[in-house]
Amino acid sequence: MIKKAYLIVDIGTGNARVGVASPAGELLSIKRENVQYESDNRYEESIYFDPNKLWAEILRLSAEAIAEAGSVQIEAITATSQREGIVIIDKEGNSVLGMPNIDHRGRAWENELAAKVQVYQLTGRYPTSLFSAFKLIGLRKIYPDIFNDMACFMSISDWVQYKFSGICGYEHSQASETLLYDVARKNWSQELFAQFNLPTAIVPPLKEAGSILGYILPDLAVKMGINAGAKVIVGGGDTQLAIKSIAPSANDVVIVSGTTTPIIKIVEDYVLDSDRRTWTSRHVEADEFILEANAGVTGLNYQRLKEIFYPNEGYDIIEKELEKVTYSQCVASLGSLIADEDKPLTKGGFIFNAPVSHQLTRGSFVFAILWDIACSIYENYKFLCAVSPHNESYIWACGGGMESRKLRQFIANLFGKSIKIRDTFRQASVLGGVLVCNEALGLENFEPVLLDEVEPQNHEQFEQLYLEWKNARRTFKQVTS
């Protein structure tokens, strides 16, 4: 029997994933591969990717995922991606340069923007080289030929949909990351283009998440063996689709634990921080915003150190060993980002007693990593609450980092609130893609199920341990400065 299914492409900071899933949310297959980056030494800090190589990888992963899924008919295709990454399209329609969220080629020119406060008021984020406008300024300064031959740029997810359909577009949650989009008015801003001295013609039309962009290109349908009537659906930012997959309510807080860790509150109005520490973006839900503080590259730290300490073991082994570790053995500070700091720590490490104790194990270091992540999340959450109070007794969480029950318990203890996860939490952004496809095709959506709820323990004790972590972080900050 042939099953109807969707093809969902998810381009994160660390890897590219392609999933095949049913409209009911059953994940039939998923394939992944690391994204290949290169450095550009003409800048102080610049990372880029070849979009043509990434597209070839997407096609290969798609073929493998479809083959593994069995007898399926692909009814729709959508994409989600890291939110600050972009791809440049030239006047011939070629994909010429990919700049991921970790590309900071515009950093040297940040101080040329005088109207930073005005830009924050319109865009909901303090302007830095993380965002698209500064990437484009950096491109114009060093590679004017590429800049002058640019027809448009798109977010990575919008670019994937362009490659499948041949139609350019920019989805609203992704447009929020450009510094060229008025978040409150939900439109491109002439004033912002003028601030950055960029031409308005370089952005394509805005598109709503969950709308039909077009159909798969006929030649591509034949090449991939996909139904020629498969629709290409507008997806959105990976954080927003992950949030969508767990079905939170207005005013709920969601922790999305991926390569970075956004701490999000769903809000119905355009809320700004008077101290400009938080971000406000469009959600993929048409009339909602997300208010955000971000703990930085926490998940990436955990993944890399897991590869060092537990290269061949699964998370179950790690969790078992963590039960034997105490809080006094080791404290870590590993470059997380706190909302009131201009930059993340660039020096980090572990503090433990000397001489080295016989009690210190590999589990001690991973324990300290998870505790560092939990404390960074808690610190950023407090800034979020200063902007928009959060009174609910629970917090939602999703993303691969939440695979660790120990991390969930740490967060519950610190917050003094229960931590809830849905059955969609592991592949949240991919399953969010299923939901937008269902909406576009007019199908009833599946209801995610509550999988686990971790209750807080010893909140007062953990507040004291949190103060010890703050002291350790202060030590590393002094080393950096």
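- Arg276 places no side-chain N or O within donor-acceptor distance of the main-chain N or O of Tyr120, the cut-off being under 3.5 Å.
- Of the N and O atoms on the side chains of Asn15 and Asn34, not one donor lies less than 3.5 Å from an acceptor on the other residue.
- Counting heavy atoms from C-beta on, the side chains of Tyr378 and Asn380 never come closer than 4.5 Å.
- Trp469 and Asp372 share a side-chain donor-acceptor pair at under 3.5 Å.
- Heavy atoms only, all atoms of each residue included: Ser257 and Met402 are closest at CB-CE, 3.8 Å.
- Residues satisfying the side chain to side chain contact (heavy atoms under 4.5 Å, CB included) test with Asp40, not counting sequence neighbours, are Arg42, Tyr43, Ser46, Tyr48, Arg105, Tyr143.
- Side chain to side chain, Glu460 and Asn458 fail the donor-acceptor criterion of an N or O pair below 3.5 Å.
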Would you sort out whether Phe462 and Trp371 count as a ring-ring contact (aromatic ring centres under 6.0 Å, His included), showing the intermediate values?
CA-CA 10 Å; Phe462 275 78; Trp371 179 237; 5.6 Å; yes
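- In this structure a side-chain-to-backbone donor-acceptor pair under 3.5 Å is present from Thr80 to Asp238.
- Residues Ile395 and His390 form a side-chain contact, since some pair of their non-hydrogen atoms from C-beta on lies under 4.5 Å apart.
- The aromatic rings of Tyr394 and Trp396 sit perpendicular to each other, their planes meeting at more than 60°, with 30° as the lower class boundary.
- Checked against Ser418 for a side chain to side chain donor-acceptor pair (under 3.5 Å), the options Glu392, Glu453, Arg408 give a single hit: Glu453.
- Salt bridge Arg405/Asp452: present, at least one basic N to carboxylate O contact under 4.0 Å.
- With rounding to the nearest 0.5 Å, the separation of CG in Leu467 from SG in Cys375 is 9.5 Å.
- Residue Gln118 qualifies as enclosed at atom CD: its count of foreign heavy atoms under 6.0 Å is above 12.
- For the residue pair Gln174/Ser81, the side-chain donor-acceptor check at 3.5 Å is satisfied.
- Counting heavy atoms from C-beta on, the side chains of Ile233 and Tyr6 never come closer than 4.5 Å.
- At a cut-off of 3.5 Å, with distance as the only test, a side-chain donor of Asp10 or Ser429 sits close to an acceptor on the other residue.
- Put simply, the side chain of Ile266 does not reach to within 4.5 Å of the side chain of Asn251, judged on heavy atoms.
- Considering only heavy atoms from C-beta on, Ile86 comes within 4.5 Å of Leu136 through its side chain.
- To the nearest 0.5 Å, atoms CD1 (Ile246) and OG1 (Thr424) are separated by 6.5 Å.
- Looking only at atom types and distance, the side chain of Ser404 has a donor-acceptor partner in the side chain of Glu319 under 3.5 Å away.
- In this structure the side chain of Val18 never reaches within 4.5 angstrom of the side chain of Ile30, judged on heavy atoms.
- With sequence neighbours left out, the side chain to side chain contact (heavy atoms under 4.5 Å, CB included) criterion links Lys116 to Asn111, Leu113, Tyr126, Pro127.
- The side-chain tip of Lys306 points at the ring of Tyr315 from less than 6.0 angstrom away and within 45° of straight on.
- Side-chain atoms of Thr298 and Thr261 include a donor-acceptor pair closer than 3.5 Å.
- Here the straight-line distance linking atom OG1 of Thr278 with atom CD1 of Ile264 works out to 10.0 Å at 0.5 Å rounding.
- Between Glu292 and Lys265, no side-chain nitrogen of the basic residue sits less than 4.0 Å from a carboxylate oxygen of the acidic one, so the salt-bridge criterion is not met.
- For the ring-ring contact (aromatic ring centres under 6.0 Å, His included) with Tyr170, the qualifying choice from Trp159, Tyr162, Trp188, Tyr181 is Trp188, the only one to do so.
- The environment of CD in Glu463 is crowded: more than 12 heavy-atom neighbours from other residues, nucleotides or ligands sit within 6.0 Å.
- Between Arg422 and Val449 the shortest side-chain heavy-atom distance does not fall below 4.5 Å.
- Rounding to the nearest 0.5 Å gives a distance of 12.0 Å between CD of Glu33 and CD1 of Ile58.
- The pair Arg32-Glu57 does not count as a salt bridge, with every side-chain nitrogen at least 4.0 angstrom from each carboxylate oxygen.
- Side chain of Glu26 to main chain of Leu28: no donor-acceptor pair is present (N/O by atom type, distance under 3.5 Å, no hydrogens or angles).
- With no hydrogens or angles considered, a side-chain donor-acceptor pair links Arg125 and Ser281 at under 3.5 Å.
- When side chains are defined from C-beta on, Gln240 counts as touching Arg83, because their heavy atoms get closer than 4.5 Å.
- Residues Ser173 and Glu171 have side chains that bring a donor and an acceptor to within less than 3.5 angstrom of each other.
- At distances below 3.5 Å, not a single donor-acceptor pair connects side-chain atoms of Ser388 with backbone N or O atoms of Cys385.
- Lys244 has a carboxylate O that lies under 4.0 Å from a charged side-chain N of Glu439, or vice versa, which qualifies the two as a salt bridge.
- Between Lys186 and Glu208 there is a salt bridge, since at least one side-chain N of the basic residue sits less than 4.0 Å from a carboxylate O of the acidic one.
- Glu68 meets the side chain to side chain donor-acceptor pair (under 3.5 Å) test with Lys31; sequence neighbours excluded.
- Tyr381 OH to Ile263 CD1: the interatomic distance, rounded to the nearest 0.5 Å, is 11.0 Å.
- Below 30°, between 30° and 60°, or above 60°: for Phe289 and Tyr270 the angle between ring planes is between 30° and 60°, a tilted geometry.
- At distances below 3.5 Å, not a single donor-acceptor pair connects side-chain atoms of Ser364 with backbone N or O atoms of Cys330.
- To the nearest 0.5 Å, atom OG1 of residue Thr178 and atom CG of residue Leu192 are 8.0 Å apart.
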